[in-house]
Protein chains: 2
Amino acid sequence: MARVRLQDVAEHAGVSMKTVSNVVNDYPHVSPTTRSQVLASIEALGYRPNATARRLATGRTGTLALAVSDVSLPYFAELASSISRLATSRGYRLLLEQTGESVEAERAVLLGGESGLVDGIIFQPSHIALDDLARYTTATPVVLLGEGDAPEGVDTVMIDNTAAAREITEHLLHLGRRRVAFVGHEAHGLSATSRQRLSGFEAALRDAGAQVDPALLLATDAISPEAAEHAVGAALDSGLRFDAAFCRDDLAALGTLSALRRRGVRVPDDVAVTGWDDVTLTRFSNPTLTTVHPDLDHLARSAMDLLEERVGGYRGPGRHVVAPHSISVRESAPSA
Amino acid sequence: MARVRLQDVAEHAGVSMKTVSNVVNDYPHVSPTTRSQVLASIEALGYRPNATARRLATGRTGTLALAVSDVSLPYFAELASSISRLATSRGYRLLLEQTGESVEAERAVLLGGESGLVDGIIFQPSHIALDDLARYTTATPVVLLGEGDAPEGVDTVMIDNTAAAREITEHLLHLGRRRVAFVGHEAHGLSATSRQRLSGFEAALRDAGAQVDPALLLATDAISPEAAEHAVGAALDSGLRFDAAFCRDDLAALGTLSALRRRGVRVPDDVAVTGWDDVTLTRFSNPTLTTVHPDLDHLARSAMDLLEERVGGYRGPGRHVVAPHSISVRESAPSA
DNA sequence: TTGAAAGCGCTAACAG
DNA sequence: CTGTTAGCGCTTTCAA
């Protein structure tokens with residue numbers, strides 16, 4: 001499959017490489033005759049420009065990276081879908097990186113492995129520490145997603161986790177619930193995400209004069225519905241009682257619903273349940289799920305905007321966009 | 001951020017570019033002294049090899065593309081996660097492409113836009129026609145996923161859809177169900193996927209002497225739980241009755257469960273429901289979902305194997321791997 | 001074991 | 001409006 005090069009097209013058309021290049025890149029100043037001639041040659045030879053060579057020559061890769069822990073998690077899947085669409089519409093390709101549960105992998109994202117491969121990175125860190133983040137910041141523009149502190153000089157986009165946590169807890173309190181469990185934070189090594197949600201949760205309880213019972217903080221050893229089901233199940237079996245469950249995310253909520261159902265506990269009658277992320281399936285669970293709705297569109301768009309500015313050469317201080325959120329009220333914790 | 005080049009390292013270390021290159025690429029024949037010297041210089045200057053330049057020089061990109069319609073769909077999300085992990089473990093990066101509902105986009109995947117960007121493509125087509133597929137096959141190695149016919153010479157990996165459809169239909173028949181609806185195929189322009197599942201479905205019904213009632217083929221105008229909920233809801237409201245629903249995929253099944261629940265129809269007592277794909281959430285729906293379980297691991301691994309052989313230069317005829325499947329029996333259509 | 005130099009395919013000054 | 005030419009940063013014969 002001898003590849004056809006710009007050179008070959010030039011010869012075939014009897015013009016210079018520059019002219020072919022001009023045609024390929026839709027340069028304005030090419031005579032119509034020449035243009036059609038060149039186009040004919042391109043067609044005849046089946047020429048396709050080599051993206052790699054172009055990259056090397058221009059220095060722009062036209063590629064962005066999205067790094068999340070695991071795209072099989074519905075929230076990240078929806079985020080990836082959204083970012084991918086946006087990237088395409090703005091003329092970028094999208095490289096997908098999964099960091100799993102490994103801090104190493106998160107570091108590698110920042111170090112960029114081999115650099116020069118992408119113009120910028122949209123990165124939702126899960127486990128890496130703040131100072132690590134700061135240390136590994138490289139020349140490649142980065143926008144941080146999710147929550148947690150960010151090193152100075154780095155752009156971030158996130159919803160106000162603490163406020164959202166407070167709101168959805170208040171929603172539970174308005175329902176008259178007083179023994180509210182928190183489900184799904186990490187048993188060891190609390191993530192920034194969990195920390196913020198917990199903090200809003202506790203603040204709301206305190207403000208309402210409700211008790212914050214440490215026994216009601218049900219940690220899990222994984223971010224998964226299975227782990228949540230297990231944790232909630234074990235708690236119930238040990239005799240623990242509560243009338244509401246604030247779940248760290250929709251997946252934990254799904255596991256919680258499952259644990260409750262298997263034990264004949266009615267939702268929302270006996271226990272009201274809330275999730276976080278408002279992924280599609282929350283509208284199809286049984287019961288449907290009350291959950292925090294982040295404005296994913298706004299989030300994705302902001303991230304792309306900030307990143308494009310950095311790619312475009314912006315060198316200023318870190319910007320911090322707070323994306324809007326709302327509470328999607330459904331059956332698992334209806335309106336009062 | 002003046003980039004550090006191989007050249008710079010060479011000068012700093014007082015050796016030639018070739019030597020630095022040798023060190024960077026772990027070439028065997030470099031004297032330990034030289035090596036450590038070079039490594040020191042690399043460290044000192046903070047050198048990172050430029051991937052693009054390397055690509056241009058070697059011709060290998062070290063990148064694979066995965067093209068699916070939409071990664072926010074759970075099955076594709078789980079597929080992408082799996083393929084991404086595999087790709088990483090084999091030393092590739094993964095470019096994510098979403099084709100949405102557009103045949104154009106699917107063509108573009110094959111044409112490769114600008115080529116030379118990836119070594120190979122794993123592609124699950126949704127809408128493109130067979131002859132289109134054949135016409136647009138290019139120099140870039142491709143492995144086709146999903147179902148449907150493939151042009152000669154192209155590698156494919158899929159489960160035996162027709163057989164799986166037959167099996168899960170038989171499961172429903174063993175439960176004594178006789179009026180089985182089919183939910184979720186396209187109203188216009190049946191996809192190859194739907195066609196095969198329908199054909200296995202109908203074959204099983206016929207073999208059992210059950211009736212194939214055209215009124216029970218509930219098409220939807222999108223591949224989504226909403227669309228399925230709508231279609232099933234409309235059918236029920238119009239007085240249509242059935243005792244089982246074979247859903248084209250898990251999302252359609254979720255929508256079906258929802259429609260049934262809203263109308264007080266009990267699952268599985270009144271209507272048994274089955275899905276397809278066995279995505280994570282099927283274990284947490286209420287009721288949990290009986291569904292076709294494709295061996296995703298086998299599927300992903302096979303696709304990678306075939307692709308790597310092609311990338312490695314294999315030019316033989318198309319291979320066709322049939323990945324194993326099974327039926328995951330859960331509450332929505334329990335064992336007889 | 002290491003060095004010199006010729007590309008990989010394209011872009012972009014700079015001339016013409 | 002079009003041609004010439006020098007890189008982009010790395011790999012890779014071929015010599016030394």
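All of these numbers come straight from a predicted model, not from anything done at the bench. Reckoned from all heavy atoms, side chains included, excluding hydrogens, waters and symmetry mates. Lettering of chains follows the sequences in order, A, B, ..., and the numbering in each one begins at 1.
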Roughly how many Å is it from [atom1] in [X] to [atom2] in [N], rounded to a whole number?
X      : N       : atom1 : atom2 : result
R5(B)  : dG7(D)  : CZ    : P     : 11 Å
N50(B) : dC10(D) : CG    : P     : 6 Å
R55(B) : dC10(D) : CZ    : P     : 14 Å
L6(B)  : dG9(D)  : CG    : C1'   : 8 Å
N22(A) : dT4(D)  : CG    : P     : 14 Å
R48(B) : dC10(D) : CZ    : C1'   : 15 Å
D26(B) : dT11(D) : CG    : C1'   : 15 Å
M17(A) : dC1(D)  : CE    : C1'   : 18 Å

Using a 4.5 Å cut-off on heavy atoms from C-beta on, say whether the side chain of Y92(A) contacts that of T61(A).
->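 No, every pair of side-chain atoms sits at 4.5 Å or beyond.
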Compare every heavy atom of S16(B) with every heavy atom of A10(B), then report the nearest pair and how far apart it is.
->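 That would be CB-C, 3.8 Å.
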If every non-hydrogen atom of R310(B) is compared with every non-hydrogen atom of G318(B), which pair is closest and at what distance?
->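 Answer, listing the atom of R310(B) first, then G318(B): NH2-CA, 3.7 Å.
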Given that T34(B) and A57(A) both sit by DNA chain C, which one's nearest nucleotide is further toward the 5' end?
->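 On the 5' side of the pair lies T34(B).
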Could you tell me whether [X] contacts a base, only the sugar-phosphate backbone, or nothing, with contacts defined as non-hydrogen atoms closer than 4.0 Å?
X      : value
Y27(B) : nothing
T58(A) : sugar-phosphate
V24(B) : nothing

Does R35(B) make a cation-pi contact with Y27(B), if we ask for NZ or CZ under 6.0 Å from the ring centre and within 45° of the axis?
->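 Negative - R35(B) is either too far from the ring of Y27(B) or too far off its axis.
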Counting side-chain heavy atoms from C-beta on, which of dT11(D), dT13(D), dC10(D) comes nearest to K18(B)?
->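 Of dT11(D), dT13(D), dC10(D), dT13(D) is nearest to the side chain of K18(B).
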Is a side-chain donor-acceptor pair under 3.5 Å present for S69(A) with Q98(A)?
->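 No, S69(A) and Q98(A) have no side-chain donor paired with an acceptor closer than 3.5 Å.
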Under a 4.0 Å N-O cut-off, is there an ion pair linking R301(B) with D305(B)?
->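 Salt bridge absent between R301(B) and D305(B).
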E309(A) bridged to R319(A) by N-O distance under 4.0 Å =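 Answer for the salt bridge query: yes.
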Taking any atom under 4.0 angstrom from a heavy atom of chain A, which nucleotides of DNA chain C are the first and last to qualify, 5' to 3'?
->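 Listed 5' to 3', the contact boundaries are dG9(C) to dA13(C).
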Does S21(B) have a side-chain nitrogen or oxygen under 4.0 Å from the phosphate oxygens OP1 or OP2 of dC10(D)?
->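 Answer no for this pair, as no side-chain N or O of S21(B) is under 4.0 Å from OP1 or OP2.
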Would you say T19(A) reaches dG3(D)'s phosphate, i.e. side-chain N/O to OP1/OP2 under 4.0 Å?
->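 Answer yes for this pair, as a side-chain N or O of T19(A) is under 4.0 Å from OP1 or OP2.
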